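Okay, so here's the structure we're looking at.
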Number of protein chains: 2
Amino acid sequence: MNRPEPPPKKATRIQKKNRKAILQAALEVFSQRGFGGSTIDRIAERAGLSKPNLLYYYPSKEAIYVAVLEDTLEFWLEPLAALDPNGDPIEEIGRYVSAKLEMSRTRPEASRLFANEILHGAPAIGNFLTGPLKELVDEKAAVIKKWIAAGKLRPVEPRHLIMMIWAVTQHYADFDVQVRAVLGDVITPARRFADAEATLMTTLFEGLRPR
Amino acid sequence: MNRPEPPPKKATRIQKKNRKAILQAALEVFSQRGFGGSTIDRIAERAGLSKPNLLYYYPSKEAIYVAVLEDTLEFWLEPLAALDPNGDPIEEIGRYVSAKLEMSRTRPEASRLFANEILHGAPAIGNFLTGPLKELVDEKAAVIKKWIAAGKLRPVEPRHLIMMIWAVTQHYADFDVQVRAVLGDVITPARRFADAEATLMTTLFEGLRPR
DNA sequence: GTCTATAGACGGATAGAC
DNA sequence: GTCTATCCGTCTATAGAC
C-alpha cells in the first residue's frame with residue numbers, strides 16, 4: 001500500500017491553502033446563518049471545493065464549526081490581555097474600548113459567530129468561557145480594583161464594567177442591521193463608528209473619572 | 001346583515017388556548033436553538049400537540065416564527081415609548097435602564113429571539129426596524145436632543161445613547177451563559193442584576209450629568 | 001348532524017456523511 | 001456519486017364540540 005500521508009506528514013502547501021479557505025468560508029457562512037441554517041455544501045462552494053473534498057479536511061460539519069471558533073478565540077482576547085496595569089486607567093480603558101470597536105468594524109463576522117454561539121448556550125465553547133476567559137477577566141478585574149482602590153476610578157464592579165464594554169462595542173457588529181436601520185442609510189459607516197466612539201467615550205469616561 | 005365577526009367565525013376557547021400554547025412553545029424553542037435549529041416537531045411536542053395539529057393553526061414553520069416575533073414586538077417597545085419628555089432627564093433615563101434590565105431578567109427568551117433574528121440580518125422583521133422602531137427612536141432622540149439643548153444632559157448622540165442602553169441591558173439576557181461563566185456560579189441571579197444595575201447607573205448617570 | 005379539531009402515515013426534498 | 005437520516009408539509013381518516 002502506498003499511502004502518502006497517515007496523519008500530517010507534511011503540511012502541504014495545498015493543504016494549508018485549503019484549510020485557510022475553508023475556515024474563512026465557514027466563518028462567513030456560520031456567522032451569517034447560524035449552525036443550523038448553514039450547509040456543508042454552501043461552505044464548500046464558497047471555499048471553492050467540492051463537498052467530499054471539504055470533508056476530507058474536516059470530518060464533520062461540527063468539526064468545521066469548532067475549528068472556526070477556536071481559530072478566532074485567541075485573537076479575540078488580545079485587546080483585553082493588552083490592558084496595562086501600569087498605564088493610566090482612563091487611557092487604558094479608552095484604548096480598550098477603541099480596540100474593541102475597531103474589531104467590530106473590521107471583523108464583524110467573528111463577533112457575530114461568537115454572539116450566535118453564546119446566545120444558544122455556548123455548546124461548543126462552554127469550557128473556554130469558564131476557563132481561559134474567566135481567568136483573564138479575573139486578572140483584569142483585579143487590576144481595575146486596584147485602580148479604584150487608588151482613587152483613580154469611581155467605584156464600580158470591575159467585571160460588570162468589562163462586560164459593559166463588550167456589550168456596547170460588539171453591539172455595532174452583532175446588531176449591525178438594526179443600527180443601520182435606526183440611524184438611516186445616509187450615515188456612512190465611518191461616521192457611524194466615529195459617533196459611536198464619541199458617545200461611548202463621553203459617557204464611560206465621565207462616568208468613571210473620579211471627582 | 002348581522003354578522004358579529006366575518007373572518008374568525010368564533011374564537012373558540014380551545015383555539016385561543018392552543019394558539020397561546022404554540023406561541024409560548026415556539027418562543028422557547030426558537031430562542032434557544034434559532035430558526036434553523038428548531039423543528040416543528042419539537043415545538044408541537046412542547047405545546048402538547050401533534051405536528052399536523054400545529055400546522056392546522058399555523059400553515060408553516062415560518063408562519064409560526066413570524067407570529068412569535070410579532071406577538072412580542074409591541075411589548076418590546078413599551079419601555080422606550082414610556083420615556084416622558086416632561087420628566088427629569090436623568091430620572092427618565094434611569095427608569096428606562098431599569099425597565100430594560102428588568103425585561104432582560106424576566107423575559108430573556110424574548111430578548112434572545114430578537115437578538116438571533118437581528119444577528120442573522122432580520123429577514124422577518126426588517127420592515128419593523130426601518131419603520132416603527134426607527135420612528136419611535138427618532139421621536140425619543142428629539143426629546144433627548146432638547147434635554148441636551150437645555151443643558152440638562154451632556155452632549156451625546158441621542159440615537160447612540162439609546163442603542164448603548166439597549167446593548168448593556170440586553171447583554172444580560174442574550175449573553176447569559178457568558179455572564180454567568182465570568183461571574184462564577186456563586187453569584188445569585190438577584191445579586192448579578194443588582195450589581196449590573198449599580199454599575200450601569202454609576203457610569204451612565206455620572207457620564208450624562210452635566211457639570 | 002355538521003363543522004372543528006386531531007393524529008397516523010407518508011411523500012418529497014434536503015443535507016450530512018462515506 | 002450514493003446512501004441514509006432528518007424534517008417539512010400533506011393526505012386522509014376519525015374523534016369531538018356545538
Side-chain angles (χ1 to χ4, degrees), chain A residues 1 3-8 15 18-19 21-69 113 116-117 120 123-124, chain B residues 1-69 113 116-117 120 123-124:
Chain A
M1 279 173 122
R3 292 204 226 110
E5 303 103 357
Q15 280 190 352
N18 280 345
R19 280 218 150 78
I22 292 170
L23 290 182
Q24 178 58 31
L27 173 61
E28 293 169 14
V29 175
F30 281 135
S31 69
Q32 198 185 349
R33 321 174 75 94
F35 183 83
S38 302
T39 68
I40 295 185
D41 255 327
R42 190 182 293 265
I43 297 171
E45 187 191 17
R46 188 171 298 217
L49 272 56
S50 70
K51 181 166 58 168
N53 196 11
L54 186 151
L55 287 168
Y56 166 79
Y57 288 98
Y58 295 94
S60 70
K61 183 182 175 183
E62 205 185 325
I64 308 170
Y65 182 67
V66 171
V68 186
L69 279 169
L113 183 77
N116 189 67
E117 163 71 7
H120 294 24
Chain B
M1 286 204 155
N2 193 13
R3 291 201 230 116
E5 303 106 353
K9 215 138 194 180
K10 287 190 220 167
T12 317
R13 202 163 50 259
I14 225 171
Q15 280 191 353
K16 273 209 163 184
K17 196 195 69 170
N18 281 343
R19 280 216 151 80
K20 194 173 172 181
I22 291 170
L23 290 181
Q24 177 58 31
L27 173 60
E28 293 169 14
V29 174
F30 281 134
S31 69
Q32 197 184 353
R33 322 175 75 95
F35 183 83
S38 302
T39 68
I40 296 186
D41 257 325
R42 189 181 293 266
I43 297 170
E45 187 191 16
R46 188 170 298 217
L49 272 58
S50 71
K51 179 168 60 171
N53 195 12
L54 186 152
L55 287 168
Y56 168 78
Y57 289 97
Y58 294 94
S60 70
K61 183 183 175 182
E62 205 185 324
I64 308 169
Y65 182 67
V66 171
V68 185
L69 280 170
L113 183 76
N116 189 67
E117 164 71 7
H120 294 41

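All of these numbers come straight from a predicted model, not from anything done at the bench.
- Remark: B/Gln15 is in phosphate contact with C/dA5, judged by side-chain N or O atoms under 4.0 Å from OP1 or OP2.
- Counting to the nearest Å, the C1' atom of D/dC8 and the OH atom of B/Tyr65 are 17 Å from each other.
- In terms of phosphate contacts, B/Tyr56 brings no side-chain nitrogen or oxygen within less than 4.0 Å of OP1 or OP2 of C/dT6.
- For the OP1/OP2 pair of C/dT6 and a distance below 4.0 Å, the side-chain nitrogens and oxygens of B/Asn18 include at least one atom meeting the criterion.
- As a whole-Å value, the separation of B/Leu49 CG from D/dG9 P is 17 Å.
- Judged as a ring-ring contact (aromatic ring centres under 6.0 Å, His included), and not counting sequence neighbours, the contacts of B/Phe35 are B/Phe30, B/Tyr65.
- Across the protein-nucleic acid pair, B/Glu45 atom CD and C/dA7 atom C1' stand 15 Å apart, rounded to whole Å.
- Between B/Tyr56 and B/Asn18 there is no side-chain heavy-atom pair separated by less than 4.5 Å.
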Sequence-aligned protein contact record of nucleotides 13-18 of chain C, with B where the base is within under 4.0 Å of a protein heavy atom and S where only the sugar-phosphate is: --SBBB
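- B/Ala63 approaches B/Tyr58 most closely through the heavy-atom pair O-CD2, 4.3 Å.
- Heavy-atom contacts from other residues, nucleotides or ligands closer than 6.0 Å to CZ of A/Arg19 number more than 12.
- Annotation: B/Glu28, atom CD; neighbour count of heavy atoms from other residues, nucleotides and ligands within 6.0 Å is above 12.
- Regarding contacts with the backbone of C/dA7, a side-chain N or O of B/Asn53 is found under 4.0 angstrom from either OP1 or OP2.
- When all heavy atoms of B/Ser38 and B/Arg33 are compared, the pair lying nearest together is OG-CB, 3.8 Å.
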